[in-house]
Amino acid sequence: MSFYYLSKEMGLALNDILGRVCSYNKDFSIEDIAITWINYKSTNKSIFKGFGFGINNKKMIYPASIVKLVYGFAAFHWIKKGRLLLTDEIINAVSKMLSLSSNNATSFLIDLLTGTTSGPRIEGELWDNWKFQRSIINDWLHDLNWEELNGINCCQKTWDDGPFGREKEFYGFKNKNRNKMTTDSAARILEQIMIHINYQKNDLNLRNFLKRNLSKVVLKNDSLNQIDGFLGAGLPESINLWSKAGLMSEVRHDSAWWINSQSLQTLLVVFCDGEKYSKDTFFLPLIAKEVYEFNMKYIIKD
């Protein structure tokens with residue numbers, strides 16, 4: 001069973017939105033884009049199972065830095081299970097990984113989570129043990145038994161210039177072992193972080209690390225803000241937004257959660273696969289703007 005109810009109304013709206021937004025650039029194609037959109041009825045104390053729709057939402061795509069949601073979620077669980085001790089250094093690393101999308105912080109955390117380190121190529125039993133250890137996060141995801149996570153691969157570090165040594169070899173022939181996710185899998189992880197963890201005072205608060213400031217003054221002074229060119233840029237400045245973007249030479253993605261009103265909250269994940277999207281800064285904001293405007297007229301059903 002899906003973690004959200006299917007909404008035909010939202011499906012019609014999403015197809016219409018995507019068609020309109022794609023029409024502004026003849027090179028854009030719905031086949032290159034994956035979306036999961038979920039609306040949640042909320043009260044002062046509860047958020048209920050969402051209604052939503054997806055397009056290409058089960059298509060495996062390289063997630064870029066969206067995978068950092070998984071690594072943050074894993075760190076939270078490792079700490080809860082006593083596999084890791086919560087320290088100021090880990091808090092700082094997870095904060096920088098999610099807030100600033102730091103690849104250095106991500107590398108450090110993957111080393112801690114899996115008991116592996118980067119370095120020159122190794123062989124034999126050492127190499128077999130290294131590969132086994134590096135797959136621990138995938139094994140944990142499998143054990144969660146969430147259908148949205150079936151087939152995803154989250155075992156690689158994120159890079160500024162690309163992998164070297166054993167990390168390059170671990171990518172496999174033609175990068176066959178590269179990270180891959182669907183928009184549904186990213187949405188499921190983000191939903192868990194946002195509403196299914198009862199954060200305590202001394203917990204690793206992943207939700208806080210995803211909070212964004214949409215003030216134009218703040219954004220102007222932060223060239224790596226994960227808002228400009230992404231979903232947040234299409235939303236009103238007053239909106240409460242939590243998000244994690246992903247960008248590299250071949251993709252532009254975003255995953256976002258925002259509050260429309262006291263009774264309606266939205267989760268939106270969009271993956272855009274291709275160099276033409278990587279260079280485009282208008283597509284994702286337009287999608288978010290259209291979804292937000294639809295939601296302002298959305299009738300919440302009991």
Side-chain angles (χ1 to χ4, degrees), residues 1-21 30-31 33-61 63 66 69-70 73 141-152 180-199 206-207 210 231-232 234-235 239-244 253-272 284 286-302:
M1 179 181 291
S2 175
F3 69 106
Y4 59 91
Y5 301 113
L6 283 178
S7 167
K8 292 182 180 179
E9 179 188 5
M10 291 173 66
L12 291 171
L14 185 57
N15 276 283
D16 184 50
I17 288 169
L18 195 53
R20 283 201 307 274
V21 175
I30 291 177
E31 296 304 312
I33 299 157
I35 301 181
T36 300
W37 170 23
I38 308 171
N39 280 343
Y40 300 83
K41 178 184 176 182
S42 59
T43 64
N44 290 333
K45 295 183 179 180
S46 302
I47 298 177
F48 301 94
K49 182 174 178 177
F51 287 83
F53 198 83
I55 294 175
N56 298 324
N57 48 311
K58 300 184 188 303
K59 183 179 180 180
M60 294 292 176
I61 297 173
I66 296 291
L69 291 172
V70 174
F73 190 46
L141 291 170
H142 179 267
D143 289 344
L144 290 175
N145 200 30
W146 297 345
E147 65 176 74
E148 298 81 20
L149 307 186
N150 289 341
I152 71 171
K180 58 183 179 180
M181 294 180 69
T182 65
T183 54
D184 265 8
S185 64
R188 182 68 189 267
I189 296 293
L190 183 56
E191 183 189 275
Q192 290 295 129
I193 289 171
M194 290 302 301
I195 64 174
H196 295 302
I197 297 176
N198 182 20
Y199 295 102
L206 306 175
R207 189 165 56 203
L210 296 172
L231 295 172
L235 300 173
I239 282 284
N240 279 313
L241 172 72
W242 296 260
S243 71
K244 180 73 200 75
H253 307 325
D254 204 2
S255 56
W257 182 290
W258 70 82
I259 299 175
N260 300 279
S261 64
Q262 288 185 341
S263 57
L264 184 65
Q265 303 190 29
T266 293
L267 188 160
L268 181 64
V269 180
V270 186
F271 285 4
C272 304
L284 288 176
L286 282 174
I287 290 284
K289 182 175 183 292
E290 291 270 0
V291 167
Y292 176 79
E293 289 177 350
F294 174 88
N295 283 340
M296 289 300 95
K297 299 175 285 186
Y298 183 70
I299 298 174
I300 303 168
K301 299 178 176 64
D302 292 329

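Quick caveat, the model's predicted, so the values are computed rather than measured. Just so it is clear, the values below take in all heavy atoms, side chains as well, and ignore hydrogens, waters and symmetry mates.
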#### Entry: Beyond-backbone contact of S255 with L69, side-chain heavy atoms, under 4.5 angstrom
yes
Check your understanding: Has the side chain of N15 got a donor or acceptor atom that lies under 3.5 Å from a matching backbone atom of G11?
Key -> yes
Heavy-atom nearest pair, I35 first then I33, reads CG1-CG2, 3.9 Å
Taken to the nearest 0.5 Å, the spacing of S2 OG from K49 NZ works out to 6.5 Å
Given the options I55, D254, L284, V270 meets side-chain contact (heavy atoms from CB on, under 4.5 Å) only with L284
ask   = For T36 and N57, does a side-chain donor sit closer than 3.5 Å to a side-chain acceptor?
value = no
The reported gap from CZ in F271 to CG in N56 (rounded to nearest 0.5 angstrom) is 12.0 Å
| said: Is the shortest side-chain heavy-atom distance between R20 and I17 below 4.5 Å? | reply: yes
Residues G151 and K180: closest non-hydrogen pair is O-CE, 3.1 Å
Heavy-atom nearest pair, L149 first then S185, reads CD2-CB, 3.8 Å
Taken to the nearest 0.5 Å, the spacing of L268 CG from N39 CG works out to 9.5 Å
TODO: List the steps and the verdict of side-chain contact (heavy atoms from CB on, under 4.5 Å) for F48 and T43.
DONE: CA-CA 9 Å; F48 301 94; T43 64; 3.8 Å; yes
Between N295 and T266, the two heavy atoms sitting closest are ND2-OG1, 2.8 Å
- prompt: Would a 4.5 Å heavy-atom cut-off, applied to side chains only, mark I193 and Y199 as touching?
  reply: yes
- request: Would you indicate whether the side-chain heavy atoms of W242 and I259 approach each other to under 4.5 Å?
  value: yes
key: Y4 versus E191, side-chain donor and acceptor atoms under 3.5 Å   = no
> Does the side-chain contact (heavy atoms from CB on, under 4.5 Å) test come out yes or no for F3 and I38, once each step is laid out?
Replying inline: CA-CA 10 Å; F3 69 106; I38 308 171; 3.5 Å; yes
Between the OG1 atom in T182 and the NZ atom in K59, the distance rounded to the nearest 0.5 Å is 12.0 Å
Sequence neighbours excluded, the answer for ring pair (Phe, Tyr, Trp, His ring centres under 6.0 Å) partners of F294 is W37, Y298
Here the gap from I47 atom CD1 to K41 atom NZ, rounded to the nearest 0.5 Å, amounts to 13.0 Å
Smallest heavy-atom separation, L241 atom then A256 atom, equals CD1-CB, 3.8 Å
task: Run the numbers on L267 and M194 for side-chain contact (heavy atoms from CB on, under 4.5 Å), then give the verdict.
output: CA-CA 10 Å; L267 188 160; M194 290 302 301; over 6 Å; no
When F51, Y40, F53 are each screened for ring-ring contact (aromatic ring centres under 6.0 Å, His included) with Y5, the one that passes is F51
d(D184 CG, I152 CD1) to nearest 0.5 Å is 11.0 Å
Heavy atoms of A186 and I66 approach each other most closely as CB-CG2, 3.8 Å
Next on the checklist: Whether the side chain of H142 engages the backbone of N150 through a donor-acceptor N/O pair (distance < 3.5 Å, no angle test) should be reported.
Outcome noted: no
